[in-house]
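See structure below.
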Amino acid sequence: LYIETLFDEIGQEVKALFDRRDVASLLWPDRQTLLELLGILNAPELSSVWAEDETIGWVYQYFNGDEERTQMRAESQAPRNSRELAVRNQFFTPRYVVQFLTDNTLGRTWYEMMQGETKLSDLDYLVRRPNEVFMTEGASVSESEEDYSELSREELLQQTVYVPFRPKKDPRDLRILDPACGSGHFLLYAFELLIPIYEEAWRDARAATCAETKTQLQVEFDSIDALQCAIPELILRHNLHGVDIDPRAAQ
């Protein structure tokens with residue numbers, strides 16, 4: 001009864017996970033079944049698995065058996081409803097793919113805002129040229145008519161690349177949306193990148209102001225320790241957004 005009461009309270013804000021009137025929540029396991037399940041999940045040989053970001057992704061990918069997926073495809077070439085669309089197209093995104101795409105979107109955006117003066121310049125998969133020149137606000141470069149077709153790959157890499165000016169933003173004004181978020185692998189990694197982004201913005205004397213509060217982070221947080229305590233809430237409140245057609249993924 002106590003757990004159900006907690007669920008009812010939290011369910012007012014997080015309905016998808018804690019609403020006991022949800023179809024998936026109406027059937028509760030009996031005590032013995034629940035204890036057996038907890039025993040399986042808490043097996044010592046699985047202890048390291050639950051610390052990995054990717055575990056839930058593997059669970060989702062194999063939640064629906066191959067037999068069901070094969071039958072769906074045999075009965076219809078195209079998904080017939082939202083559930084079939086989810087089941088037939090659930091594929092786990094490996095960590096390196098998550099890193100490559102996020103390093104070169106969120107990571108690259110911040111890298112250009114900071115004109116290369118950021119610890120994110122050392123990201124494993126960030127694509128950079130050796131001779132990048134960051135342009136100042138209002139500056140432009142005339143298009144070159146040189147022919148690079150005869151240059152080797154190594155020679156091309158040595159050419160000067162002018163990076164257009166990208167104005168700074170307060171981290172709270174950055175928006176990250178995963179339109180097929182699944183178990184949130186991209187959002188989890190984006191969370192990791194946003195931590196140093198917030199810290200660098202706090203230390204930056206020329207940091208942008210937040211569009212909502214009209215103040216810099218350093219004005220609102222008087223020490224880096226105060227900021228670090230607030231960062232998780234700031235990220236969840238302002239930055240991360242995900243959408244998925246499968247309600248279990250939203251849960």
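None of the values given here were measured: they were computed from a predicted structure.
- Paired with Gln71 under the rule side-chain hydrogen bond (donor to acceptor under 3.5 Å, both in side chains), one option of Glu68, Glu75, Glu67 passes, and it is Glu75.
- Nearest heavy-atom pair, Ala226 versus Phe221, reported as atom, atom and distance to 0.1 Å: O-CD2, 3.9 Å.
- Placement of Leu236 and Phe18 in two distinct hydrophobic clusters is found when ILVMFWY residues are connected by side-chain heavy-atom separations under 4.5 Å, directly or transitively.
- Contacts of Arg108 classified as salt bridge (charged side-chain N to carboxylate O under 4.0 Å, His left out), with partners at least two apart in sequence or in another chain: Glu112, Glu132.
- Arg21 has its side chain within reach of Asp19: a pair of non-hydrogen atoms, C-beta onward, lies under 4.5 Å apart.
- Heavy atoms from other residues, nucleotides or ligands lying under 6.0 Å from CD of Glu117 number 12 at most.
- Atom-to-atom distance recorded for Leu234:CG and Cys229:SG is 11.0 Å, nearest 0.5 angstrom.
- A continuous path of Ile, Leu, Val, Met, Phe, Trp and Tyr side chains, each step under 4.5 Å between heavy atoms, connects Leu106 with Tyr96, placing both in one hydrophobic cluster.
- Cluster annotation: Leu123 is connected to Val127 through the hydrophobic network of ILVMFWY side chains, with a link wherever side-chain heavy atoms come within less than 4.5 Å.
- Scanning all heavy atoms of the two residues, the minimum distance from Ala201 to Ala207 falls at O-CB, 3.4 Å.
- Judged by distance alone, with hydrogens and angles left aside, the side-chain atoms of Arg175 form a donor-acceptor pair with the main-chain N or O of His238 at under 3.5 Å.
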Given Arg172 and Leu217, is the side chain to side chain contact (heavy atoms under 4.5 Å, CB included) satisfied, shown in steps? CA-CA 9 Å; Arg172 290 165 290 185; Leu217 283 168; 3.6 Å; yes
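- Around atom CD1 of Ile56, no more than 12 heavy atoms belonging to other residues, nucleotides or ligands sit under 6.0 Å away.
- Side chain of Ser82 to backbone of Ile245: no donor-acceptor contact under 3.5 angstrom is found.
- Note on Ile40 and Val49: separate hydrophobic clusters, where clusters join Ile, Leu, Val, Met, Phe, Trp and Tyr whose side-chain heavy atoms are under 4.5 Å apart, directly or indirectly.
- Connectivity analysis of hydrophobic side chains (ILVMFWY, heavy atoms under 4.5 Å, direct or indirect) links Leu177 to Val243.
- With hydrogens and angles disregarded, a donor-acceptor distance shorter than 3.5 Å links the side chain of Asn42 to the backbone of Leu38.
- The hydrophobic clustering, which links ILVMFWY residues whose side-chain heavy atoms are closer than 4.5 Å, places Leu126 and Met114 together.
- In this structure, Lys15 does not pair ionically with Asp22, as no charged nitrogen and carboxylate oxygen lie closer than 4.0 Å.
- Although no hydrogens or angles enter the test, the distance criterion places a donor-acceptor pair under 3.5 Å between the side chain of Asp244 and the main chain of Gly182.
- Of all heavy-atom pairs spanning Phe191 and Pro232, the tightest one is CZ-CA, 3.9 Å.
- Within the 3.5 Å criterion, the main-chain N or O of Thr102 finds a donor-acceptor partner in the side chain of Thr105.
- Looking only at distances, no side-chain donor or acceptor of Arg80 sits under 3.5 Å from a matching main-chain atom of Gln77.
- Under the 3.5 Å distance criterion, the side-chain polar atoms of Asp178 are left unmatched by any main-chain donor or acceptor of Gly242.
- To the nearest 0.5 Å, the span separating OH on Tyr189 from CD1 on Ile176 amounts to 13.0 Å.
- Under a 3.5 Å cut-off, the side chain of Gln115 and the backbone N or O of Met135 do form a donor-acceptor pair.
- A perpendicular orientation is assigned to the rings of Tyr125 and Phe100, their planes being inclined by more than 60° (bins at 30° and 60°).
- One N or O on the side chain of Trp50 and one on the backbone of Leu41 form a donor-acceptor pair closer than 3.5 Å.
- The pair Arg95-Glu192 meets the salt-bridge criterion, since a charged nitrogen lies less than 4.0 angstrom from a carboxylate oxygen.
- Atom-to-atom distance recorded for Glu54:CD and His185:NE2 is 6.0 Å, nearest 0.5 angstrom.
- Judged by distance alone, with hydrogens and angles left aside, the side-chain atoms of Gln218 form a donor-acceptor pair with the main-chain N or O of Trp202 at under 3.5 Å.
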Could you please spell out the steps behind the side chain to side chain contact (heavy atoms under 4.5 Å, CB included) verdict for Asp170 and Glu212? CA-CA 10 Å; Asp170 183 275; Glu212 180 181 340; over 6 Å; no
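- Between Glu199 and Ile231, the closest side-chain pair of non-hydrogen atoms falls below 4.5 Å.
- Minimum interatomic distance between Tyr198 and Leu227 (heavy atoms only, all atoms of both residues): O-CD2, 3.6 Å.
- The heavy-atom pair separating Leu120 from Glu200 by the smallest distance is N-OE2, 4.4 Å.
- Closest of all the heavy-atom pairs between Leu174 and Ile197 is CD1-CG2, 4.2 Å.
- At a cut-off of 3.5 Å, with distance as the only test, no side-chain donor of Trp58 or Glu52 sits close to an acceptor on the other residue.
- With a 4.5 Å cut-off on side-chain heavy atoms, Leu194 and Leu240 count as touching.
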